[in-house]
Amino acid sequence: FIHNDCSYCCFRKHVYAWFRFFNMINTYLALLLVQIGLTIMSSLLVLPEVEAFAVPKTRSASRVLIPPVPGKQTKTKKELERSVECDDDDNEADCAPNWIFLYPKACSCLFPNHEGACVGSSVKDIPPDSCTGGYYGHSDLDPEQVMKEGLLQRGDDWDLLHHAEQRGNSAFRGTTTQITYPDGNGAASWAGEGGCVYELTCVPTWDVNKHLQGRRLVSEWAVGKDRFGGNLALGEHEFAVSSRVPPEHIKRYGRVVESANGLLYVPRNSWVDNPKWDPQFCKYSVSDRFCVESK
């Protein structure tokens, strides 16, 4: 049986159109519900990270507590955060940076006006890397006089860059952690044959190569990484120390000789111990001599 009535055909078209419409609405509703569900789940995952709902975590100490200077009133938190602690009635020379108390007093008293070194005018107040000292080679000093009087203060320029480039009135002395390196450099080569190498202990020590890396201007016209460089005398392995070294900080000295193949060194049996040296500086020494019992 076939319906040929036009009204029946129109009715079927309307019913089919409404069916497609409701099917599309159901699809949109399903997608909307899925979107709402994903939003709720994401909010639940982020919720524990919110500070108001976060579980408190145990935090480790991130600041080194430095005790106040004996005899002075305890300072407030705001005053302790200053790089230099000074009272109104203190002299300028009495003002000291906080990090100075991290070093032994015998070493910190040799700092330049209780301040660190510098590199140019942009990098100042650089604390020492250690108080270990090193081997200092010189050809003109009288070793017997050095053992009695120590190394005298010289210069007033605490710029590591000026010292490495040998310009200005340097207040540093150059040392090395080895008497002679495999490449021939070292304190023995600085002293030369017949000169003397002195072992300095418990003195403020700066790693010259470390602090000059990327801080020496190569050219005003250069750009990027080529504009700044490091120490020109990188191969010297130099550690700069304060020029003033009391006799109690000088452990021993030895005279430099030249080997058959032209290598400069100090024979073991040629070292002369300093009777004025303080054994308490043993742990601030580059050698193990007299330090076996303390380890």
Using modelled atom types only, decide if a donor and an acceptor are shared between the side chain of [X] and the backbone of [Y] within a distance under 3.5 Å.
X	Y	result
R244	L151	yes
D159	G120	yes
R173	S243	yes
N274	P247	yes
T39	Q35	yes
S259	L263	yes
T27	N23	yes

Of the non-hydrogen atoms in [X] and [Y], which two are nearest, and what is the gap between them?
X	Y	answer
A191	S139	O-CB, 3.2 Å
L212	A164	CD1-CB, 3.6 Å
T205	T132	OG1-N, 3.8 Å
T180	A188	OG1-CB, 3.5 Å
Y265	E258	CE2-C, 4.3 Å
K124	C118	CA-CB, 3.9 Å

| task | Test Y253 against every option in H138, E199, E144 by the side-chain hydrogen bond (donor to acceptor under 3.5 Å, both in side chains) rule and name the one that passes. | result |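 When H138, E199, E144 are each tested with Y253, the side-chain hydrogen bond (donor to acceptor under 3.5 Å, both in side chains) holds only for E144.
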May I ask whether [X] and [Y] are part of the same hydrophobic cluster, defined by side-chain heavy atoms of I, L, V, M, F, W, Y residues being less than 4.5 angstrom apart, directly or through others?
X	Y	result
Y28	F21	yes
L29	V34	no
Y284	Y198	no

| said: Going by the rule salt bridge (charged side-chain N to carboxylate O under 4.0 Å, His left out), which residues pair with D278 if we only count those two or more places apart in sequence or in a different chain? | reply: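 Partners of D278 by the salt bridge (charged side-chain N to carboxylate O under 4.0 Å, His left out) criterion come out as none, since no residue qualifies.
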Would you indicate whether the side-chain heavy atoms of [Y] and [X] approach each other to under 4.5 Å?
X	Y	answer
K276	P246	no
Y136	L141	yes
H162	N169	no
I250	V146	yes
Y181	H237	yes
T201	V286	no
S287	W271	no

| Given the rule in the salt bridge (Lys or Arg N to Asp or Glu O under 4.0 Å) test, do D273 and K251 qualify, once you have shown the distances and angles that lead to the verdict? | CA-CA 6 Å; D273 300 325; K251 191 175 186 179; over 6 Å; no
Rounded at 0.5 Å granularity, tell me how far [atom1] in [X] sits from [atom2] in [Y].
X	Y	atom1	atom2	value
Y135	I179	OH	CD1	4.5 Å
S170	D157	OG	CG	6.5 Å
W277	M147	CH2	CE	12.0 Å

| task | Test Y103 against every option in C109, C131, S130 by the side-chain contact (heavy atoms from CB on, under 4.5 Å) rule and name the one that passes. | result | C131
| Less than 6.0 Å separating the ring centroids of F172 and W206? |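 When the ring centroids of F172 and W206 are compared, they turn out to be within the sub-6.0 Å range.
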| task | Could you check E238 against N209 for side-chain contact (heavy atoms from CB on, under 4.5 Å), going step by step and ending with a plain yes or no? | result | CA-CA 7 Å; E238 181 181 359; N209 290 345; 5.8 Å; no
| remark: With sequence neighbours left out, the residues meeting ring-ring contact (aromatic ring centres under 6.0 Å, His included) with F239 are none
| Between D129 and H211, do the side chains contain an N or O donor and an N or O acceptor separated by less than 3.5 Å? | yes
| task | Any chance you could lay out the side-chain contact (heavy atoms from CB on, under 4.5 Å) test for V241 and L200, step after step, and finish with the verdict? | result | CA-CA 9 Å; V241 302; L200 311 182; 4.1 Å; yes
| Between C202 and C107, is the SG-SG gap under 2.5 Å? | no
